[in-house]
Amino acid sequence: MSLSRHPTDTAGHPLPDGSWPDPAGSAGSLDVVRRFCNSTNREHGADAWRSAAELSTWLWREHAVVGHVTDVDLVRLRAIRDATWTAIVSHALDPLVDAIRGMSFALAVDAGRLTLAAERPADIVVARLVDSVLAAQADRSWGRLKACARCDWVFYDRSKNRSGRWCTMDACGSRHKARAYRHRRSINDHLT
């Protein structure tokens with residue numbers, strides 16, 4: 001995965017677009033969850049939210065109108081981002097449920113659909129995420145959201161049998177296969 005053409009965070013670490021490698025909108029209701037998780041690049045240590053101001057900018061780009069973002073919101077949303085990623089990796093929602101415990105939501109109707117509503121910035125963001133997860137569970141797409149076995153980037157698995165392991169075959173799949181080949185080659189060289 002060539003990251004040089006992508007922006008960096010304030011510490012200079014590569015921070016690819018949260019939708020990469022899939023086109024924006026291609027994960028349906030899970031797009032917001034994928035971009036939320038991909039606001040940090042676990043492989044390179046980048047983070048789009050190094051401060052409350054950066055989180056506020058990121059939320060604005062995501063069209064999330066939340067008001068004034070505080071350091072408390074930053075801490076809570078980082079914890080929820082990690083819990084969401086863990087829920088995707090473990091295929092269990094318990095980490096996410098534990099992380100959102102104590103947040104305040106109300107029911108609302110939006111375009112004839114029942115949704116969650118909130119007032120505090122972190123709660124507003126989480127309400128949007130929970131709405132997306134609920135919609136994905138209803139249409140059975142939640143299981144298609146995965147973390148790459150190589151770089152931990154969250155991607156939407158389009159494979160027919162839902163067996164995708166890498167964000168892209170060109171990037172992480174090829175790196176994995178090349179490493180496995182070099183390993184086999186070194187074992188063979190050692191044995192001969």
Side-chain angles (χ1 to χ4, degrees), residues 1 9 15-22 24-50 55 58-59 61-64 66 69 72-107 113-118 120-159 161-168 171-173 176:
M1 158 171 46
D9 68 0
L15 188 65
D17 177 275
S19 293
W20 185 90
D22 303 311
S26 63
S29 66
L30 290 172
D31 242 20
V32 66
V33 178
R34 180 183 59 188
R35 289 190 315 271
F36 181 77
C37 289
N38 289 343
S39 62
T40 185
N41 186 332
R42 288 165 183 81
E43 183 179 27
H44 298 286
D47 196 330
W49 312 343
R50 292 202 182 273
L55 172 58
W58 185 87
L59 289 169
R61 282 194 308 256
E62 288 290 311
H63 310 289
V66 298
V69 177
V72 172
D73 296 317
L74 175 65
V75 169
R76 291 214 67 190
L77 288 175
R78 280 182 176 163
I80 290 164
R81 176 179 64 188
D82 291 343
T84 305
W85 183 84
T86 300
I88 291 166
V89 170
S90 67
H91 306 290
L93 292 170
D94 298 333
L96 182 56
V97 170
D98 292 342
I100 65 174
R101 202 172 310 272
M103 297 190 101
S104 179
F105 306 105
L107 292 175
R113 186 176 154 261
L114 192 61
T115 65
L116 295 176
R120 296 186 316 227
D123 296 0
I124 292 168
V125 173
V126 174
R128 185 176 172 198
L129 290 171
V130 170
D131 277 341
S132 297
V133 172
L134 291 172
Q137 286 182 312
D139 70 13
R140 301 178 151 250
S141 63
W142 172 249
R144 289 194 176 273
L145 205 59
K146 298 181 177 180
C148 179
R150 176 83 169 95
C151 71
D152 292 329
W153 202 250
V154 174
F155 69 99
Y156 188 79
D157 181 9
R158 284 190 170 44
S159 66
N161 62 1
R162 298 177 181 231
S163 64
R165 294 183 55 211
W166 301 295
C167 55
T168 68
C172 290
H176 174 79

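This one's a predicted model, so the numbers in the text were calculated from it and none came from an experiment.
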With sequence neighbours left out, what residues match Phe155 under ring-ring contact (aromatic ring centres under 6.0 Å, His included)?
none
Could you tell me whether the side chain of Val125 reaches within less than 4.5 Å of the side chain of Phe36, counting heavy atoms only?
yes
Test side chain to side chain contact (heavy atoms under 4.5 Å, CB included) on Leu116 and Leu107 and set out the steps.
CA-CA 5 Å; Leu116 295 176; Leu107 292 175; 3.9 Å; yes
Please answer whether the main-chain N or O of Thr115 pairs with a side-chain N or O of Asp131 as donor and acceptor at a distance below 3.5 Å.
no
To the nearest 0.5 Å, what is the distance between CH2 on Trp85 and CG on Leu96?
14.0 Å
Give the minimum heavy-atom separation between Ser163 and Ser159, together with the two atoms involved.
N-OG, 2.9 Å
Can you list the residues that meet the side chain to side chain contact (heavy atoms under 4.5 Å, CB included) rule with Val97, with sequence neighbours excluded?
Arg101
Under 3.5 Å: donor-acceptor pair, side chain of Asp123, backbone of Met103
no
With sequence neighbours left out, what residues match Ala136 under side chain to side chain contact (heavy atoms under 4.5 Å, CB included)?
Ser29, Leu30, Asp139, Ser141, Trp142
Has Asp152 got a side-chain atom pairing as donor or acceptor with Asn41's backbone, closer than 3.5 angstrom?
no
Arg158 side chain vs Arg144 backbone, donor-acceptor pair below 3.5 Å
no
Are any non-hydrogen side-chain atoms of Trp58 and Ser39 less than 4.5 angstrom apart?
yes
Could you pull out the closest heavy-atom pair between Asp157 and Gly164, with the gap in Å?
OD2-N, 2.9 Å
Can you find a heavy atom in the side chain of Thr40 that is under 4.5 Å from one in the side chain of Trp49?
no
Nearest 0.5 angstrom please: Leu93 CG to Thr84 OG1, how far?
9.5 Å
If you look at every heavy atom in Arg50 and Gly45, which pair is closest and at what distance?
NH2-O, 2.9 Å
With sequence neighbours left out, the residues meeting side chain to side chain contact (heavy atoms under 4.5 Å, CB included) with Arg140 are none
Point-to-point distance, once rounded to the nearest 0.5 Å, from OG1 of Thr86 to CD1 of Ile80
12.5 Å
Residues in side chain to side chain contact (heavy atoms under 4.5 Å, CB included) contact with Ala64, at least two apart in sequence or another chain
Leu59, Val66, Arg128
Do the non-hydrogen side-chain atoms of Val72 and Arg120 ever get within less than 4.5 Å of each other?
no
If you take all heavy atoms of Ser104 and Ala118, which pair is closest and at what distance?
O-CB, 3.5 Å
Give me each pair satisfying salt bridge (charged side-chain N to carboxylate O under 4.0 Å, His left out) with a member in residues 73-83, each pair once, sequence neighbours excluded.
Arg42-Asp82, Asp47-Arg78, Asp47-Arg81
Sub-3.5 Å donor-acceptor pair from the side chain of Trp153 to the main-chain atoms of Glu43, do we have one?
no
Note: Cys148 and Cys167 closest approach over all heavy atoms is SG-N, 3.3 Å
